Peer 1: 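So that we are looking at the same thing, I have put the structure below in structure tokens.
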Protein chains: 2
Amino acid sequence: MNTQQTIRLAVIDDDSGFVTVLSKRTEMAGWQQRALSSAIPPEELVAMKLNALLLDLTVLGEDAWGYLERICATLPDLGVIVCTGQSTVAQRVRGLRLGVDDWIAKPCHPEEVMARIEAVSRRRRRSRGEIEAGPVVVGELEIRADQFQAFVGDGSLDLTRREFELLQLLADSKGQVLEREAIYQRVWGYAMAHGDRSVDVFIRKLRQKLEKRSSRWRYIHTHFGVGYRFDPEPPGGGIAPELAEEASSSMESQADSQVVHSSFTAG
Amino acid sequence: MNTQQTIRLAVIDDDSGFVTVLSKRTEMAGWQQRALSSAIPPEELVAMKLNALLLDLTVLGEDAWGYLERICATLPDLGVIVCTGQSTVAQRVRGLRLGVDDWIAKPCHPEEVMARIEAVSRRRRRSRGEIEAGPVVVGELEIRADQFQAFVGDGSLDLTRREFELLQLLADSKGQVLEREAIYQRVWGYAMAHGDRSVDVFIRKLRQKLEKRSSRWRYIHTHFGVGYRFDPEPPGGGIAPELAEEASSSMESQADSQVVHSSFTAG
DNA sequence: GGCCTGCGTTCACAGGATTTTCACGGCTCA
DNA sequence: TGAGCCGTGAAAATCCTGTGAACGCAGGCC
């Protein structure tokens with residue numbers, strides 16, 4: 001089950017011997033490694049699309065904890081591994097609670113460091129779902145990821161990049177309620193800032209382009225206080241609004257909630 | 001967001017001193033811990049619905065590696081942490097590559113062990129796109145934490161956020177009597193003000209949406225002067241005690257029918 | 001370079017949905 | 001039987017979402 005994965009790794013460490021030895025091994029393993037001599041803003045790390053970040057606390061200097069915290073908050077999907085020569089239990093606990101994934105004591109063997117990076121990165125396999133397959137069809141909607149285009153019934157939708165990625169995510173998670181934070185995380189690639197309304201705005205744009213008439217939204221449903229759910233109503237959907245409420249439960253049981261929950265058994 | 005996560009942990013270790021100390025801390029943190037003296041089949045672990053498994057390799061004896069491999073294959077969503085007194089780099093690398101998430105050297109500080117378990121669970125959860133656990137099924141009720149949705153028999157319940165979180169807590173504590181303070185603490189995330197009736201109001205809302213009208217409530221039972229208990233079975237003495245114990249999962253039986261009060265660490 | 005255009009982001013506000021509070025009456029238990 | 005507790009309906013307060021519009025930025029064009 002352990003398919004070889006290509007890992008994009010950045011190392012922040014001034015111990016050039018260690019970095020050199022490690023980079024040789026990672027290169028042999030086919031990883032992409034980037035050596036950084038000092039801390040760089042989390043925003044720049046976002047652009048690097050890393051799987052993992054290995055850093056020596058001593059390089060960070062004064063604001064090491066603050067930096068760690070910003071990193072973990074901004075890039076919750078990034079595997080963060082700290083290595084230090086000396087550290088106390090309290091420090092390690094603090095770091096791990098802050099969001100660090102692993103904490104290694106130096107001196108350490110490159111092979112073990114790599115194994116730990118792999119362990120931490122294993123999760124990436126599934127999280128950023130590989131979405132290359134054939135066209136996705138949901139109701140009257142058809143999404144062609146390869147062509148970067150979506151079609152609804154008669155014509156093609158003219159979607160911008162973000163709109164398309166959002167739609168793709170929604171359609172890919174048909175039937176599931178997605179939290180705003182999760183949407184933002186997966187479409188934008190980093191954590192949502194407090195008070196950010198971008199998701200809402202893009203949902204509106206999508207709705208405008210996607211849905212015909214608007215007594216009730218047809219594809220994108222709001223879950224108050226939570227997020228949004230993408231689900232096409234049963235075809236032929238001429239339910240009168242006042243009847244809809246009565247009918248909804250039985251309706252949904254048939255069409256709506258065939259939502260497969262493959263959740264636990266990933267087998 | 002909500003409070004810290006409740007972790008369901010099993011420990012396979014014969015070092016009773018270590019296990020005892022750890023269990024005290026985990027209990028204080030509100031985790032559910034189960035101590036096992038020897039390896040048990042992966043299938044039985046599945047039933048425990050664990051977040052994490054902490055094990056000492058030496059307890060496993062001969063077939064330690066085979067057992068580890070089976071565990072990791074059968075329960076890909078379980079966080080596995082190995083702790084050993086002595087180990088070589090090769091052993092650690094082998095374990096980590098096999099699917100083990102973290103490898104800790106003994107002696108180790110309980111607090112750090114817990115922090116590492118948290119880190120591993122956090123990561124596991126993220127990898128599934130914030131999926132907490134598989135669908136929880138209680139009687140005719142099914143709760144999908146990942147989707148913020150609950151289904152009862154024929155259709156899906158339309159629950160608000162608080163309602164859902166309350167239901168989730170209740171179902172997760174099936175059979176236990178929960179004090180109002182404890183409920184409030186764990187759903188709202190902070191202490192309940194004197195005279196606050198919010199819990200009662202939300203219990204009513206849940207009952208309205210959950211239960212068919214009948215003389216007695218079917219799922220949520222009131223314990224006068226104490227709180228509420230969630231149980232699809234008839235209250236008190238519907239089934240014989242020994243059967244009841246058999247029926248509930250082994251993890252839950254230990255806490256079964258005992259009052260849980262608000263001994264939660266604030267913050 | 002300067003201008004135009006399209007895109008993504010941010011802001012403010014109104015309308016609604018949800019949550020909290022309150023009052024009253026029925027219920028439980030000593 | 002009485003005091004305290006719980007269920008309930010509804011008002012009040014709070015919070016969330018939909019929406020229009022403005023802003024800043026980058027790329028294309030003259």
Side-chain angles (χ1 to χ4, degrees), chain A residues 43 46-47 148 157-167 169-170 177-181 183-184 186-211 213-230 241 245, chain B residues 1-2 148 157-167 169-170 177-181 183-185 187-211 213-230 235-236 259:
Chain A
E43 294 73 35
V46 171
F148 223 73
L157 295 173
D158 189 22
L159 300 179
T160 71
R161 180 190 159 80
R162 283 257 193 268
E163 287 165 2
F164 184 81
E165 285 175 349
L166 175 58
L167 177 60
L169 170 64
L170 289 170
V177 178
L178 296 171
E179 283 187 283
R180 277 186 181 69
E181 325 257 329
I183 293 175
Y184 196 93
R186 292 173 67 177
V187 172
W188 274 255
Y190 51 97
M192 189 173 90
H194 181 70
D196 194 310
R197 299 286 307 278
S198 300
V199 172
D200 303 63
V201 175
F202 274 88
I203 289 286
R204 168 165 58 101
K205 290 180 177 176
L206 263 189
R207 277 173 169 162
Q208 283 172 346
K209 293 185 177 180
L210 205 60
E211 325 240 353
R213 59 199 176 283
S214 55
S215 61
R216 263 279 172 267
W217 297 121
R218 186 173 164 197
Y219 286 106
I220 304 176
H221 310 280
T222 305
H223 276 234
F224 203 95
V226 184
Y228 299 94
R229 176 176 54 89
F230 185 87
E245 186 149 349
Chain B
M1 270 294 138
N2 210 0
F148 280 97
L157 296 173
D158 189 23
L159 300 179
T160 70
R161 190 181 191 105
R162 282 249 195 276
E163 288 165 3
F164 184 82
E165 285 174 349
L166 175 57
L167 176 60
L169 170 64
L170 289 171
V177 178
L178 297 170
E179 281 189 290
R180 279 184 181 67
E181 280 79 13
I183 293 174
Y184 197 93
Q185 174 72 59
V187 172
W188 274 256
Y190 51 96
M192 190 173 88
H194 180 71
D196 194 309
R197 299 287 307 278
S198 299
V199 172
D200 303 65
V201 174
F202 274 89
I203 290 285
R204 167 166 57 103
K205 289 181 176 176
L206 263 189
R207 277 173 169 163
Q208 283 173 345
K209 294 185 176 180
L210 202 59
E211 326 237 354
R213 39 190 74 196
S214 66
S215 56
R216 282 260 168 261
W217 297 120
R218 185 172 164 199
Y219 287 105
I220 304 176
H221 312 284
T222 305
H223 278 235
F224 200 93
V226 185
Y228 299 94
R229 176 177 53 88
F230 185 87
V259 178

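Not measured: the values here are computed from a predicted model.
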Peer 1: Could you state the atom-to-atom distance from CG of Asp158(B) to C1' of dA17(C) in whole Å?
Peer 2: 11 Å
Peer 1: Given dG8(C), is OP1 or OP2 found less than 4.0 Å from the side-chain N or O atoms of Trp188(A)?
Peer 2: no
Peer 1: Ring-plane angle category for Trp188(B) and Phe202(B), please: parallel below 30°, perpendicular beyond 60°, tilted otherwise.
Peer 2: perpendicular
Peer 1: Tell me the interatomic distance from Phe148(A), atom CZ, to dC7(C), atom P, rounded to whole angstroms.
Peer 2: 12 Å
Peer 1: To the nearest 0.5 Å, tell me how far Leu167(A) CG sits from Arg162(A) CZ.
Peer 2: 14.5 Å
Peer 1: In whole Å, what is the span from the CZ atom of Arg162(A) to the P atom of dG8(C)?
Peer 2: 7 Å
Peer 1: Using a cut-off of 4.0 Å between protein heavy atoms and nucleotide atoms, how would you tag nucleotides 13-28 of chain D 5' to 3' with B, S and -?
Peer 2: ---SBBBBB-------
Peer 1: Please report the distance, rounded to the nearest Å, between CZ in Phe202(B) and C1' in dT21(C).
Peer 2: 12 Å
Peer 1: Just how far, in rounded Å, is C1' of dC22(C) from CG of Asp196(B)?
Peer 2: 12 Å
Peer 1: Expressed as a whole number of angstroms, how long is the span from Leu166(A):CG to dG8(C):P?
Peer 2: 11 Å
Peer 1: With a 4.0 Å cutoff (strictly under), does any side-chain N or O of Thr160(B) reach OP1 or OP2 of dA17(C)?
Peer 2: no
Peer 1: Send over the distance from Ile183(A) CD1 to dT9(C) P, rounded to a whole Å.
Peer 2: 14 Å
Peer 1: Is it true that atom CG of Asp196(A) has more than 12 heavy atoms of other residues, nucleotides or ligands lying nearer than 6.0 Å?
Peer 2: yes
Peer 1: Just how far, in rounded Å, is C1' of dG8(C) from OH of Tyr190(A)?
Peer 2: 10 Å
Peer 1: Any idea which heavy atoms bring Tyr184(A) and Ala191(A) closest together, and the distance?
Peer 2: CE2-O, 3.7 Å
Peer 1: Any side-chain heavy atom of Arg229(A) sitting closer than 4.5 Å to one from Phe148(B)?
Peer 2: no
Peer 1: State, without any angle test, whether Tyr228(B) and Arg180(B) hold a side-chain donor-acceptor pair at a distance under 3.5 Å.
Peer 2: yes
